[in-house]
Amino acid sequence: MANRWALRRLADLASLHGEQLDPAKHADKVFQLYSIPAFDQTRRPDKAKGSAIGSNKFTVPADAVLVSKLNPRIPRVWEPDIGNAEESLASTEFLVLRPKPGISARFLRYLCLSPAVRSELQARATGTSGSHQRVRPEDALAIEVLVPLDANEQIAIARILGALDDKIELNRRMSETLEAIARALFKSWFVDFDPVRAKAEGRDPGLPEPIADLFPDRFEDSELGMIPAGWVIGPVGTLAELAIGGDWGRDRPLDGDVEVRCLRGVDIDLLRRTGWSDAPKRYVSRASYEKRRPKPTDVLVEGSGQCGRSLASSEALTGVFLEPIIYSNFCKRLVTPSPDHALYLEYVLNDLVASGEMTNFVTGTAMPNLDHHGLLKGSMIVLPPTPVLVQFGRFAEVVRSRLFSPESRTLAEIRDALLPKLISGELRVPQAERLLEAAPA
């Protein structure tokens, strides 16, 4: 191994791309924008006109790897898929790295995700605020890391890690499809009232008769407009009440502590979109765990940052994590009468986010926070009869049982375990390939 692995500076492996463009000079042109919020929220670039982007951005070459210099404790490394897309731009909060000859972009991406590089980035970050620390480009490029000198070895390492990521991506797409099905059913029943409209017009609602019979055949006026006859409206607080606050836990256990996965605000959206998340392991007292563990009647709501994004704590959700789960103090927990009410409330709240109405209950600009009291008292929603919610819950739970699977988390854990060993040469490619064969299909 000694003659095939060697210490190299990041500057020996990649060059810094610094070309910038002023989007305002191309007001009507549509760009593919790689930004920090886009990475955190969807892992997909936004599409925006130059007039909406504003300040200068880096251009993104086809072989680029983007590494966030902002708050490097959060691993944000992007290998853009340029393809035939619109011209791509990147936030100036990213380092735009271009692999030098003999280095593949995918290998460079995994190298920048390796613990060796990540720890060095964190150590070199400067700034007085823990939430706004940055790494200077010259300090990042000076990082030394042990790498394989053989280009074929680099390609093989990237191929193995990429195969795991490809499986995770396939699962993510399937999860998005399942989530879209559940959203479409919610919209049909509780926003467009399709079964009621069909019956009112003398059409077949396209549902089994016992379910169709749960819906009326006429509408009546309400404060929110026309709603199904017999249904009522009321504030969110009619359906749920706020539970005790969250707990971030400790890095190291004290006597009697419970090891948990602590759900953050970002995990709420990740779980809904992908079926899994990398919620961190923490340690809390037994009493704190018992008070803060989500139950099937609960809805977790993102209380800071991207406020209002919500997730029902269904039985299927708990199967994603091997450890018990709690929610952090960046989340709010709303308690409902039943798991069916919780599933309905999840989609109601996410519909408020999508429509923009949730912003009425958000305070602060630098650090947005959810005004949960205002939400519970001030947001009027449709309250369908319980039998209709039970039927929706049955459909949604079938989707949920497929959506929340530990498979992607297992794949991610295998990838994260293999990455540092492969990059350093501690584990060789043939050994890793045998491990990969045993990974979930």
Side-chain angles (χ1 to χ4, degrees), residues 1 4-5 7-8 10 13 39 43 65 67-68 72-79 103-123 143-148 150 152-172 175 249 251-253 259-264 266-267 270-271 274-283 318-325 404-441:
M1 186 185 76
R4 301 189 67 195
W5 262 258
L7 279 175
R8 290 290 185 266
L10 201 53
L13 308 172
F39 183 92
R43 300 296 197 274
V65 173
V67 181
S68 173
R73 71 182 186 281
I74 303 172
R76 299 182 177 106
V77 180
W78 226 339
E79 184 186 353
I103 306 294
S104 74
R106 175 153 282 197
F107 175 79
L108 180 61
R109 172 197 172 200
Y110 288 119
L111 181 66
C112 292
L113 280 170
S114 68
V117 172
R118 285 182 55 195
S119 62
E120 284 294 329
L121 287 171
Q122 292 180 56
I143 292 173
E144 287 190 331
V145 62
L146 194 66
V147 296
D150 186 346
N152 291 328
E153 189 85 17
Q154 296 173 11
I155 292 171
I157 289 171
R159 174 177 52 78
I160 288 173
L161 298 172
L164 291 165
D165 273 335
D166 289 344
K167 289 183 180 181
I168 294 171
E169 175 64 13
L170 182 62
N171 286 346
R172 184 193 64 76
S175 295
D251 293 325
R252 294 178 176 81
E259 184 179 36
V260 298
R261 290 278 180 174
C262 190
L263 296 179
R264 309 153 296 184
V266 68
D267 294 300
L270 282 171
L271 282 159
T274 70
W276 76 290
S277 84
D278 56 352
K281 289 185 179 182
R282 310 291 291 176
Y283 300 92
T318 59
V320 177
F321 302 100
L322 299 177
E323 300 83 9
I325 58 175
F404 297 129
S405 166
E407 179 181 311
S408 286
R409 181 179 166 217
T410 300
L411 290 168
E413 288 177 341
I414 293 172
R415 177 202 61 203
D416 293 344
L418 290 178
L419 195 158
K421 297 179 183 294
L422 282 168
I423 292 290
S424 67
E426 180 182 343
L427 185 70
R428 304 307 296 271
V429 167
Q431 296 171 293
E433 287 175 333
R434 287 193 290 273
L435 292 173
L436 189 59
E437 290 173 359

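Position 1 is the first residue of the sequence; numbering continues from there. Just so you know, these numbers use all the heavy atoms, side chains as well, and skip hydrogens, waters and symmetry mates.
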Give, for atom [atom1] of [X] and atom [atom2] of [Y], the distance between the pair rounded to the nearest 0.5 Å.
X: Glu79; Y: Cys112; atom1: CD; atom2: SG; result: 11.0 Å
X: Leu419; Y: Leu427; atom1: CG; atom2: CG; result: 11.5 Å
X: Ile423; Y: Lys421; atom1: CD1; atom2: NZ; result: 13.0 Å
X: Gln431; Y: Ile160; atom1: CD; atom2: CD1; result: 10.0 Å
X: Tyr110; Y: Arg415; atom1: OH; atom2: CZ; result: 7.0 Å
X: Arg8; Y: Leu13; atom1: CZ; atom2: CG; result: 8.0 Å

Test log, rule side chain to side chain contact (heavy atoms under 4.5 Å, CB included), inputs Val65 and Leu111 | CA-CA 11 Å; Val65 173; Leu111 181 66; over 6 Å; no

May I ask you to check if Arg43 and Phe39 form a cation-pi contact, with NZ or CZ under 6.0 angstrom from the six-membered ring centre and within 45° of the axis?
-> yes

Heavy atoms, side chains only, cut-off 4.5 Å: are [X] and [Y] in contact?
X: Arg282; Y: Asp251; answer: yes
X: Ser114; Y: Leu422; answer: no
X: Leu418; Y: Leu164; answer: yes
X: Ser277; Y: Phe321; answer: yes
X: Leu263; Y: Leu271; answer: yes
X: Val67; Y: Leu121; answer: yes
X: Glu323; Y: Val260; answer: no

If you look at every heavy atom in [X] and [Y], which pair is closest and at what distance?
X: Asp267; Y: Cys262; result: OD2-O, 3.9 Å
X: Pro253; Y: Tyr283; result: CB-CD2, 3.5 Å
X: Pro148; Y: Gln154; result: O-NE2, 2.8 Å

Glu426 (side chain) donor-acceptor with Pro420 (main chain) under 3.5 angstrom =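 No: the side chain of Glu426 does not pair with the backbone of Pro420.
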
With side chain to side chain contact (heavy atoms under 4.5 Å, CB included) as the test, would you mind laying out the steps for Glu120 and Val117 before giving the verdict?
-> CA-CA 5 Å; Glu120 284 294 329; Val117 172; 5.7 Å; no

Are Lys281 and Arg261 close enough, and set up right, to give a side chain to side chain contact (heavy atoms under 4.5 Å, CB included), and what steps lead you there?
-> CA-CA 5 Å; Lys281 289 185 179 182; Arg261 290 278 180 174; 3.3 Å; yes

Might you work through the side chain to side chain contact (heavy atoms under 4.5 Å, CB included) test for Val429 and Ile157, ending with a clear yes or no?
-> CA-CA 7 Å; Val429 167; Ile157 289 171; 4.1 Å; yes

Checking side-chain contact (heavy atoms from CB on, under 4.5 Å) against Trp276, which of Asn171, Ile168, Leu411 comes through?
->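 When Asn171, Ile168, Leu411 are each tested with Trp276, the side-chain contact (heavy atoms from CB on, under 4.5 Å) holds only for Ile168.
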
Inspect the contact between Arg264 and Asp278 and indicate whether a charged nitrogen and a carboxylate oxygen are less than 4.0 angstrom apart.
-> yes

For the pair Asp165 and Arg106, find out whether any cationic side-chain nitrogen is under 4.0 Å from an anionic carboxylate oxygen.
->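 Arg106 and Asp165: not salt-bridged.
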
